[in-house]
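Residue numbers begin at 1 in each chain, while the letters A, B, ... track the order of the sequences.
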Protein chains: 2
Amino acid sequence: MGRNSRKIEILHAASKVVSDQGIFNLTLEAVAKEAGISKGGLLYHYPSKEALVHGMVEHLANNYREKISNNAENDPIDKGKWIRAYVDVTFNQTYQNKNMHYGLLAAKAVSTNSLDPIRELYSEWQREIEHDGIDPVKASIIRLATDGIWLSELFDIYHIGEDKKKAIFKKLKDWANE
Amino acid sequence: MGRNSRKIEILHAASKVVSDQGIFNLTLEAVAKEAGISKGGLLYHYPSKEALVHGMVEHLANNYREKISNNAENDPIDKGKWIRAYVDVTFNQTYQNKNMHYGLLAAKAVSTNSLDPIRELYSEWQREIEHDGIDPVKASIIRLATDGIWLSELFDIYHIGEDKKKAIFKKLKDWANE
DNA sequence: GAAAGTGTACCGTCCGGATAGTATAGTTAA
DNA sequence: TTAACTATACTATCCGGACGGTACACTTTC
């Protein structure tokens with residue numbers, strides 16, 4: 001268990017704190033406790049709270065970017081591969097390690113520019129999606145609807161039922177194939 | 001200028017603080033300063049920070065609810081009137097007093113149940129939208145895409161250009177008429 | 001009709017608790 | 001034995017909220 005995996009464990013712990021206790025309880029002590037280390041140990045790895053949050057966002061961004069570009073590259077059909085990759089990965093991400101998204105919540109709270117990696121990621125994808133062979137307005141709508149699901153869940157505004165989510169997923173994928 | 005309008009002024013001040021300085025700077029002192037009153041005066045109107053945030057959410061929810069139900073009631077065509085009202089009002093809301101949405105950001109940060117009025121609102125609309133004569137999955141997608149726009153703007157993840165936004169608005173409205 | 005009382009709006013100060021970050025001594029592993 | 005890491009003790013700061021007043025418009029009571 002090298003340095004790096006410990007650092008990532010800490011990031012997961014931080015996400016869990018945000019998810020369980022809210023942004024205001026994302027304290028260094030709470031994260032240390034959740035990660036099973038001391039506050040000093042935490043500060044050894046991430047010398048400030050901002051650095052910790054930055055780590056969360058960067059980890060999320062790297063994961064997301066890699067998954068989506070892999071997915072797009074392995075798509076046999078060229079037309080619409082980016083929007084399909086986006087929909088696929090986002091849905092699966094939402095099912096699996098949902099709580100990594102909480103890094104965004106933390107980032108939004110902590111400082112203005114800690115969301116920069118995410119913003120960059122999104123403008124990249126927007127470019128790809130719009131030059132992907134399908135109607136850019138339609139592609140944008142598919143993407144916005146996908147975002148609407150996880151954002152409203154992250155925000156806890158409303159949670160869509162599993163069955164309905166699957167139906168929506170299917171229809172969005174269909175549209176991305178037309 | 002009665003008691004009520006002063007209270008609403010304070011809510012706007014609080015939203016402005018969140019929008020300009022972020023959630024962590026939503027302090028009683030900052031809000032008081034923005035509203036041009038003292039901390040004591042602020043606490044007179046809202047006896048705690050939680051009460052203040054609750055006021056923000058409730059104000060937003062009431063406004064939103066009223067606008068959408070008015071809009072739906074005045075729609076000459078019955079089929080799809082709720083989803084149309086939702087799309088219309090949300091787009092216009094986003095253009096106009098965008099910063100009221102910041103109450104949600106504050107609510108999400110402050111406590112678990114301060115978002116309750118919003119959650120209730122959303123489940124009401126979801127019910128209406130799904131029994132509105134058009135395909136519920138399609139209606140849900142229209143609604144999710146609408147949410148995706150303002151949520152990603154609120155989150156500052158990415159901002160869609162005005163032209164594209166109008167095109168999306170138009171297409172969503174078309175779909176809501178089919 | 002004036003003295004006494006009441007309610008509303010607001011101000012400025014103070015305090016306790018929480019928290020980010022520092023310092024440093026100790027421990028483990030290569 | 002040195003770099004990676006932990007644990008603890010401590011400091012400085014910030015913030016929510018309590019509180020004691022002030023101002024003033026009203027109403028009631030004698």
Check your understanding: D:dA4 C1' sits how many Å from A:L42 CG, rounded?
Key -> 15 Å
Point to revise | Closest listed nucleotide, where the reference is the side chain of A:S48 and the choices are D:dG16, C:dG21, D:dT6 | key: C:dG21
Point to revise | Phosphate OP1/OP2 of D:dA4 contacted by A:R6 side-chain N/O (<4.0 Å) | key: no
Practice item. Step by step, work out the ring-ring contact (aromatic ring centres under 6.0 Å, His included) result for A:Y64 and A:W125. Key: CA-CA 11 Å; A:Y64 217 166; A:W125 287 331; 5.1 Å; yes
Practice item. Is it possible for you to check whether A:K7 lies under 6.0 Å from the centre of the six-membered ring of A:Y46, through NZ or CZ, and within 45° of that ring's axis? Key: yes
Check your understanding: Under 4.0 Å between a Lys/Arg side-chain N and an Asp/Glu carboxylate O for A:E130 and B:K164?
Key -> yes
Practice item. Go through D:dT6, D:dC15, C:dA9 for me and flag the one nearest to the A:Y44 side chain. Key: D:dT6
Exercise for review: State whether A:E128 and A:K81 are salt-bridged, where the test is any N-O pair (Lys NZ or Arg NE/NH1/NH2 against Asp/Glu carboxylate O) under 4.0 Å.
Suggested key: no
Practice item. Specify the separation, in whole Å, of atom CD of A:Q21 and atom C1' of C:dT19. Key: 15 Å
Practice item. Please state whether the phosphate of D:dT6, meaning OP1 or OP2, lies under 4.0 angstrom from any side-chain nitrogen or oxygen of A:S38. Key: no
**Study point:** Side chain of B:K49 - closest among D:dC5, C:dT8, D:dG16
**Key:** D:dG16
Practice item. Select base, sugar-phosphate, or nothing to describe what A:L52 touches, counting heavy atoms under 4.0 Å on all strands. Key: nothing
Review point. Any side-chain heavy-atom pair from B:Y86 and B:D147 closer than 4.5 angstrom?
Key: yes
Practice item. May I have the distance from B:K7 (atom NZ) to C:dA9 (atom P), rounded to whole angstrom? Key: 9 Å
Check your understanding: Checking all strands, does B:L43 fall into the base, sugar-phosphate, or nothing category for heavy-atom contacts under 4.0 angstrom?
Key -> base
Check your understanding: When you match A:G40 and A:E29 each to their closest nucleotide on DNA chain C, which lands nearer the 5' end?
Key -> A:E29
Exercise for review: Examine D:dA4: is either OP1 or OP2 under 4.0 Å from a nitrogen or oxygen in the side chain of A:H45? Give yes or no.
Suggested key: no
Point to revise | A:N25 CG - C:dA20 C1' separation (whole Å) | key: 15 Å
Exercise for review: By nearest nucleotide on DNA chain D, pick out whichever of A:G41 and B:L28 is the more 5' one.
Suggested key: A:G41
Practice item. Whole angstrom is fine here: how far is it from CZ in A:F24 over to P in C:dA20? Key: 12 Å
Point to revise | Interatomic distance, B:E50 CD vs D:dG16 C1' [rounded to whole Å] | key: 12 Å
Exercise for review: State whether the distance check finds a donor on one side and an acceptor on the other, under 3.5 Å, for side chain A:K39 versus base C:dA20.
Suggested key: yes
